[in-house]
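Presented below is the structure to which this report refers.
By convention in this document, chain letters (A, B, ...) are assigned in the order of the sequence lines, proteins followed by strands, and residues within each chain are numbered from 1. Everything numeric in this text was worked out from a predicted model, so none of it was measured.
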Protein chains: 4
Amino acid sequence: MTQQVEPPPISRLERKRNKKIDEILAATNEVLRDKGYDSINLEEVADKVDLTKASLYHYFSSKEELLTSCLDRVAEDAATRMRRVLEKYEDSPASVRLEQLVLEHLLIVTLDYPHVSELFTKRLKWPYAYRAQVKRMRSEHDKFFRDVIEDGLRTGEFVCDDPDLVRRCLYGAINGVPVWLTASSERAVRDLCDRLTPILLKMLTAE
Amino acid sequence: MTQQVEPPPISRLERKRNKKIDEILAATNEVLRDKGYDSINLEEVADKVDLTKASLYHYFSSKEELLTSCLDRVAEDAATRMRRVLEKYEDSPASVRLEQLVLEHLLIVTLDYPHVSELFTKRLKWPYAYRAQVKRMRSEHDKFFRDVIEDGLRTGEFVCDDPDLVRRCLYGAINGVPVWLTASSERAVRDLCDRLTPILLKMLTAE
Amino acid sequence: MTQQVEPPPISRLERKRNKKIDEILAATNEVLRDKGYDSINLEEVADKVDLTKASLYHYFSSKEELLTSCLDRVAEDAATRMRRVLEKYEDSPASVRLEQLVLEHLLIVTLDYPHVSELFTKRLKWPYAYRAQVKRMRSEHDKFFRDVIEDGLRTGEFVCDDPDLVRRCLYGAINGVPVWLTASSERAVRDLCDRLTPILLKMLTAE
Amino acid sequence: MTQQVEPPPISRLERKRNKKIDEILAATNEVLRDKGYDSINLEEVADKVDLTKASLYHYFSSKEELLTSCLDRVAEDAATRMRRVLEKYEDSPASVRLEQLVLEHLLIVTLDYPHVSELFTKRLKWPYAYRAQVKRMRSEHDKFFRDVIEDGLRTGEFVCDDPDLVRRCLYGAINGVPVWLTASSERAVRDLCDRLTPILLKMLTAE
DNA sequence: GATGAATGAGCCTTCATTCAT
DNA sequence: GATGAATGAAGGCTCATTCAT
């Protein structure tokens, strides 16, 4: 899912280390899903990877850095996936691209990174160490939807007076999904998406 | 805003006590707005009502009970307000009633109880003391919207294949508002609602 | 030894609290004597006053504040004592006053606050939280000696080309005492001082 | 500066190892200067010699042994230098020899081993691993001064009732220097010594 | 010899909760 | 009712030391 882009040859040791880091980030993801950003504690993460708290400090210099890295990795992965979807459907009409973005987003926030929806739907409290990071992530993610919607409007495929507000509604709607949809398989998410898209598209359509 | 329903005569002392409880719950609300359910701490609540942490225990047997009570109170208040809206507009078409519910909901989650939207938009984590309570609150709140939508469908004012899913979209959309709308006055919320409703209503309308 | 100068009436509770604070500061002093500023730990201080570490935080908001307070108290007490000595001997010749200052200083650094000499004889390392505080303390303390020496020079009682350097030698000499003098009673310190003063005074006398 | 005295032929490997040990001890010296005995940490020492903490254990079996060795080396070097001074000036009067010892001592504690003065001026705390070692070092060092002073007294060059105490004063005075003298070059130390010696010698002179 | 990895013990700090006054 | 005091449990972080490679 995540991708290494370093061109220089990586030593066996480095690979091992990177693997462990991946493991830790995955564990962090799991704990975040269960506890959330406010209540996560290092002990639990360490337990999941059979380490002690102290050992985590070989890989991350602080709790904050661990969470930051975790977030970075997620954001990167999410962006990559969204981008790929756009590439794959670049010749399709905006409505199809939008539908596929919605699907990918749902897969991300329900199956892979359930805690991410929290970041999209929670007001950021003061002082929030990840504030800047989350803001950037939000706006980058926003852009995927914004661009497709703009495109649809340009071609006349979509009709709408207030595209920003519509996008926010759409965003809210899909971010709300993980709240009530549980134990989802990819199958379930795809099915849901099939039913969801027509509803959402209505907001972008003239009556 | 809050309502006492005890029929037996209440002593002066009891009234005083109830007043203090109200004060504490109000303070709790404020702190919840700033810190959220995960980071609230009793010291801060106590400070706001000029008491010490220890004194809070005269009114609530534990932190959990305080938060539970706070939630109850909020749920009660919210339900009352939603009910009143329905009473006021009982002869209006479903679309008007829906609009007014949306407005009231927005006023509640942006102006009065910003932390409530968190409860509506956060997956409930294990172990979550308030799980049952929140679920009940959610479904009660849901019912207001469900009933109006059903009514609109019955009269043919609304058209829609999957009312439950539409309601969830609508819900997500309005619960997403507090994430990006800040420093809102009632005026601002009403204005937003004017622009928002037409968009949301599209989901309930045949093309 | 320490003096309260608060004019407003103090409640019984406040007195109790102040007493406990005094106790804690005294315990801190003891531990500082044994461990020094770098190795002192809160557990040991807490043990000495039959508290847990956590309880110390009722009286001091952090380790740093505890040490700072301790230092302040010591500096204040030392200054008061030096001032009193000067008052008592204000009509005596400079040599007598100097002798008495030396005596008082020795009593302070050997009997009452052994760790203080450490502050006078240790280079301040970076980053040293108490740097500013220690510097102020040092220079205030210096002033007592400086003034007397200047006075003696003015009246011709002392003769010396480089009073600053002499003062520093004198300072070094008396601060060196706690290094080799142990388990001292006041009697022992007074005796030592009797032998020490003639030697030190030679540095301030023409040959 | 340091001297190897092993008579048996030393293999190339052993020489390499010894060189590394020298490097480590030098690095330890530097860190001691910056952090002191209480706050020194192995990581920093290792960094300075481009090793990892773990590698240090190839050369020293523990932190304590490292510090002990460092101290030994310093003591040895200091003693050698003091001895050489005495050899060089063996035909000069005691006052000259004393002056040169003072100079050498100042060079040692200000330029080369600033942390040594700490050992001379700090009461030894319990439990102090280096206690015995420091005591021996102190008394060896003392002996240089003691001998010269005794010699001066014997020849009548010095006059003094309490030579031990005078020596201690002298000692305190010169050990106090590093506290207030910073960023010193050899030039600066020599200049200071020129001004300092006459003052100190007064303590050994009849009025 | 060198090192990355791992750890146990220790330290400072926070906080909900209890209790005597 | 109110509160100051006290605390146990927990959490983040540091560091000397060990060990397999």
Side-chain angles (χ1 to χ4, degrees), chain A residues 11-14 16-17 19-21 24 35 38-46 49-67, chain B residues 13 16-17 20-21 39-46 49-67, chain C residues 11-14 16-17 20-21 24 38-46 49-67, chain D residues 13 16-17 20-21 39-46 49-67:
Chain A
S11 74
R12 194 176 48 79
L13 230 73
E14 238 170 316
K16 202 169 166 191
R17 182 179 173 85
K19 201 174 149 195
K20 195 81 188 177
I21 287 181
I24 295 172
K35 297 292 180 67
D38 289 318
S39 309
I40 191 176
N41 83 359
L42 291 190
E43 184 81 40
E44 198 168 344
V45 174
V49 291
D50 273 314
L51 287 178
T52 58
K53 257 182 307 176
S55 299
L56 291 183
Y57 284 80
H58 276 286
Y59 302 97
F60 300 94
S61 64
S62 69
K63 180 184 185 180
E64 185 169 328
E65 209 217 295
L66 171 61
L67 295 184
Chain B
L13 230 70
K16 201 170 164 190
R17 180 179 167 87
K20 197 78 189 178
I21 288 182
S39 309
I40 190 174
N41 100 23
L42 288 191
E43 185 81 41
E44 201 170 340
V45 174
V49 292
D50 274 314
L51 285 177
T52 59
K53 257 187 304 178
S55 299
L56 291 182
Y57 284 78
H58 283 292
Y59 301 97
F60 300 96
S61 65
S62 70
K63 183 184 183 179
E64 186 170 326
E65 208 217 297
L66 170 62
L67 293 184
Chain C
S11 75
R12 194 175 49 78
L13 229 73
E14 239 171 315
K16 202 170 167 189
R17 181 179 173 85
K20 195 81 189 178
I21 288 180
I24 295 172
D38 288 317
S39 309
I40 190 174
N41 84 356
L42 291 190
E43 185 81 39
E44 199 168 344
V45 174
V49 290
D50 273 313
L51 286 178
T52 59
K53 256 182 307 178
S55 300
L56 291 182
Y57 284 79
H58 275 286
Y59 302 97
F60 300 94
S61 63
S62 69
K63 181 185 186 179
E64 185 169 329
E65 209 217 297
L66 170 61
L67 294 185
Chain D
L13 231 70
K16 203 170 162 190
R17 180 181 167 87
K20 197 79 188 177
I21 288 182
S39 308
I40 191 175
N41 100 23
L42 289 191
E43 185 81 40
E44 200 169 342
V45 174
V49 291
D50 273 315
L51 286 177
T52 59
K53 256 186 306 177
S55 300
L56 291 183
Y57 284 79
H58 283 293
Y59 302 97
F60 301 94
S61 65
S62 70
K63 182 184 185 181
E64 185 170 326
E65 208 217 297
L66 169 61
L67 293 184

- Heavy atoms of C/A46 and C/T52 approach each other most closely as CB-C, 3.6 Å

- Message: Without decimals, in angstroms, what is the distance between C/D38 CG and F/dT14 P?
- Response: 17 Å

- Starting at the 5' end of DNA chain F and moving along, which residue's nearest nucleotide shows up first, B/A54 or A/S61? B/A54

- Closest-nucleotide ordering on DNA chain E, the 5'-leading residue of A/L13 and A/L51: A/L13

- Note on the structure: What one should report as the nearest heavy-atom pair of B/L42 and B/L56 is O-CD1, 3.8 Å

- Item | Contact summary for D/H58 and D/R17, nearest pair of heavy atoms | O-NH2, 3.0 Å

- Select base, sugar-phosphate, or nothing to describe what C/Y59 touches, counting heavy atoms under 4.0 Å on all strands. sugar-phosphate

- Note on the structure: Counted 5' to 3', the first and last nucleotides of DNA chain E within 4.0 Å (strictly under) of a heavy-atom of chain C are E/dC11 to E/dC15

Show me the protein contacts with nucleotides 10-12 of chain F, counting only N or O atoms at under 3.5 Å.
unit_1, atom_1, unit_2, atom_2, d
F/dG11, OP1, A/N41, ND2, 2.6
F/dG11, OP2, A/N41, ND2, 3.4
F/dG11, O5', A/N41, ND2, 3.4
F/dG12, OP1, A/K63, NZ, 2.7
F/dG12, OP2, A/L42, N, 3.0
F/dG12, N7, A/K53, NZ, 3.3

- Task: With sequence neighbours left out, write down each residue that passes salt bridge (charged side-chain N to carboxylate O under 4.0 Å, His left out) with D/K63, or none if nothing qualifies.
- Result: none

- Message: Looking at every heavy atom in both A/K20 and A/V49, which two are closest together, and how far apart are they?
- Response: NZ-O, 3.7 Å

- Message: Can you work out whether A/H58 or B/H58 has the more 5'-proximal nearest nucleotide on DNA chain F?
- Response: B/H58

- In which ranges does DNA chain F form stems of 3 or more consecutive Watson-Crick or G-U pairs, distances under 3.5 Å? E:2-21 with F:2-21

- Given that D/T52 and B/E64 both sit by DNA chain E, which one's nearest nucleotide is further toward the 5' end? D/T52

- Message: Holding to salt bridge (charged side-chain N to carboxylate O under 4.0 Å, His left out), I want the full list of residues that pass it with C/E44, two or more places apart in sequence or in another chain.
- Response: C/K35

- Message: Suppose we screen for side-chain contact (heavy atoms from CB on, under 4.5 Å). Which residues come up paired with D/E65, at least two apart in sequence or across chains?
- Response: D/F60, D/S61, D/S62, D/S69

